[in-house]
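First the structure, in the form of structure tokens, and then the observations on it.
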Amino acid sequence: MRLGSTSPGGAPVLGSVVMIGVVLAAAYILSQGLTRVSFTYTLGGLAAIMLFGLVFLRNDFGIYVVTFSMLLSPEFAAGGGGVAEGRSIIVRSEDFILIVIGLAWMAKTAVNKELGLVAKTPLNRPILFYIVASALATVLGSLWGNVGWSGFFYVLKYVEYFVVYYMVVNNVQDRAHARRLVIAAFLTAAIVSLVGLAQIPSGERVSAPFEGEVGEPNTFGGYLLLIMALAGGIALETYRFRLRVVCLGLVALMAVPFAFTLSRASYVGLPPALLVLAWFTRQRKFMVGLVLFLVVCSPILVVTLPTSVTKRVLYTFEPEKGQATVRIGRVGLDPSTSARLISFRSAIDGFLSRPVFGYGVTGFGFMDAQYARVLVETGAVGFAAFAWLVWTVLRSSFSAFRTLREPEDRGLALGFLAGTIGLLAHAIGSNTFIIVRIMEPFWFFAGIVLMLPQLEAVELAPLPPPVPVVMPPRLHPAQGLPVRLGR
């Protein structure tokens with residue numbers, strides 16, 4: 001509903017009041033900020049007020065802002081070392097952006113009663129169950145003395161990427177709008193890939209921009225894995241030659257920084273994603289042949305890979321003296337891989353001690369393994385909620401792929417399905433499903449993929465038959481008797 005239109009409940013009046021409040025708040029911040037606080041904080045406050053007003057007037061503006069800020073927003077530490085799990089709490093400008101956008105959306109739904117706060121989707125119940133299980137486990141962990149205040153902060157971070165999902169499903173208008181959002185996300189991926197290419201000559205592992213002093217190559221690798229799968233799915237399904245070339249070019253652009261992340265968890269996720277694309281695409285013969293060709297030529301391909309990539313892979317089987325080492329038969333593993341396997345063992349022991357709700361989020365110490373972490377922190381209840389959520393995502397995306405008619409939409413659903421499988425493999429050696437820079441794009445595309453069948457059904461629905469116009473009878477001027485037209 002547009003502001004200024006007439007509707008019951010006084011929506012135009014409330015909308016005008018809100019906008020007047022926004023203007024007054026901006027004026028107050030400007031007057032007080034220039035005299036009492038720094039100019040930087042003043043600009044930040046004004047930007048927040050302006051964003052609130054723009055999102056209140058137009059919802060999709062906030063989605064575009066979040067899309068570009070997913071990988072292009074700076075981050076900074078909000079607490080000292082050891083706040084949680086021996087690490088600082090990381091806050092990014094996008095966290096504040098999402099808070100402002102969320103407040104604007106709630107204000108608009110309060111003004112326009114016709115707008116729902118949460119759209120009805122197949123993921124609503126699993127998301128609610130997962131959030132409640134994590135929160136309840138953390139409350140119990142706090143009562144037991146295992147979790148500090150930082151654990152609740154982490155739970156709020158988990159909720160953050162679900163906000164992105166509901167922003168999309170509540171505001172995407174039609175298929176053309178959905179495609180514009182996809183283009184914006186792909187443009188963001190191209191920008192960060194170019195930044196990654198610029199990092200390669202330094203000799204350091206490639207990571208996403210604006211990650212502070214210490215980058216997270218594993219996070220960047222998971223993000224690129226998802227976007228490459230999405231672009232690859234569209235390239236395989238589309239009949240448009242130019243679009244196929246663009247998508248393949250984007251995959252090639254992302255593949256180079258993906259390799260130089262030297263993220264072994266990301267490498268592990270690539271084969272499953274590729275196999276899903278090969279099995280379900282209409283180009284199955286070509287993809288199966290390509291996979292077989294890669295398998296046969298793998299010894300030659302290993303030689304052609306950059307030296308840093310091959311060394312990183314071979315390092316997996318190089319134990320170090322004085323470090324904890326896990327051996328599989330006679331083969332010893334490096335300290336990083338050994339630490340992950342040891343964390344699995346400790347997680348099982350912790351789970352057996354508290355099998356129902358676990359120790360709470362951050363209550364068991366840091367471990368870089370998603371499944372072990374969910375199991376020990378939230379117990380059987382939280383792990384069941386997580387499994388239900390992931391299964392619903394897989395089932396819904398596969399259903400969208402089978403239902404959609406447009407090749408590009410089918411390709412996006414196929415790519416999302418493949419990317420999800422790849423991230424599930426990535427999560428063996430990483431906290432994939434709680435990393436915001438992976439999960440925000442993931443839930444962004446989840447919202448689009450799950451909404452595409454509904455948008456397509458609306459566009460294909462037949463128009464209602466026209467209502468016949470019945471002329472009223474005309475009275476005779478002399479006698480006042482009704483006279484029917486045409487006689």
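Residue numbers run from 1 in the order of the sequence given. What you see is a predicted model; the values in this text were computed from it and never measured.
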(request) Answer yes or no: is there a side-chain heavy-atom contact under 4.5 Å between Phe364 and Leu375? (result) no
(request) Could you tell me how the ring of Trp388 sits relative to the ring of Phe129: parallel (under 30°), tilted (30 to 60°) or perpendicular (over 60°)? (result) perpendicular
(message) Could you check, using the six-membered ring where one of them is a Trp, whether Phe433 and Tyr158 have ring centers closer than 6.0 angstrom?
(response) no
(request) Inspect the surroundings of CH2 in Trp144 and state if more than 12 heavy atoms from other residues, nucleotides or ligands are less than 6.0 Å away. (result) yes
(request) Kindly indicate, with the supporting measurements, whether the criterion side chain to side chain donor-acceptor pair (under 3.5 Å) is fulfilled by Thr281 and Glu237. (result) CA-CA 7 Å; Thr281 179; Glu237 292 298 304; 2.7 Å; yes
(request) Could you check whether the rings of Phe386 and Tyr130 sit parallel, tilted or perpendicular, using 30° and 60° as the cut-offs? (result) tilted
(request) Please say whether the positively charged group of Arg282, taken as NZ for Lys or CZ for Arg, lies over the ring of Tyr239, i.e. under 6.0 angstrom from the six-membered ring centre and within 45 degrees of the axis. (result) yes
(request) List the atom of Gln199, the atom of Val206, and the distance in Å for their closest heavy-atom pair. (result) OE1-CA, 3.5 Å
(request) Output the distance between atom CZ (Arg205) and atom OG1 (Thr261), rounded to the nearest 0.5 Å. (result) 6.5 Å
(request) Would you mind checking if Arg179 and Asp409 are paired as a salt bridge, meaning a charged N to carboxylate O distance below 4.0 Å? (result) yes
(message) Can you classify the ring geometry of Phe401 versus Phe398 as parallel (below 30°), tilted (30 to 60°) or perpendicular (above 60°)?
(response) tilted
(message) Parallel, tilted or perpendicular, judged at 30° and 60°: which one describes the rings of Phe383 and Tyr371?
(response) perpendicular
(message) Which residues pass the side-chain hydrogen bond (donor to acceptor under 3.5 Å, both in side chains) test with Ser193, not counting sequence neighbours?
(response) none
(request) Run through Phe442, Trp443, Phe445 and flag the one making a ring-ring contact (aromatic ring centres under 6.0 Å, His included) with Tyr165. (result) Trp443
(message) Does atom CZ (Arg125) have a neighbourhood of more than 12 heavy atoms from anything else shown, all under 6.0 Å?
(response) no
(message) Testing the basics here: between Asn171 and His177, what is the closest heavy-atom pair and its distance to 0.1 Å?
(response) O-CE1, 3.5 Å
(message) For Pro209 versus Val195, what's the shortest heavy-atom pair and its separation?
(response) CB-CG1, 3.8 Å
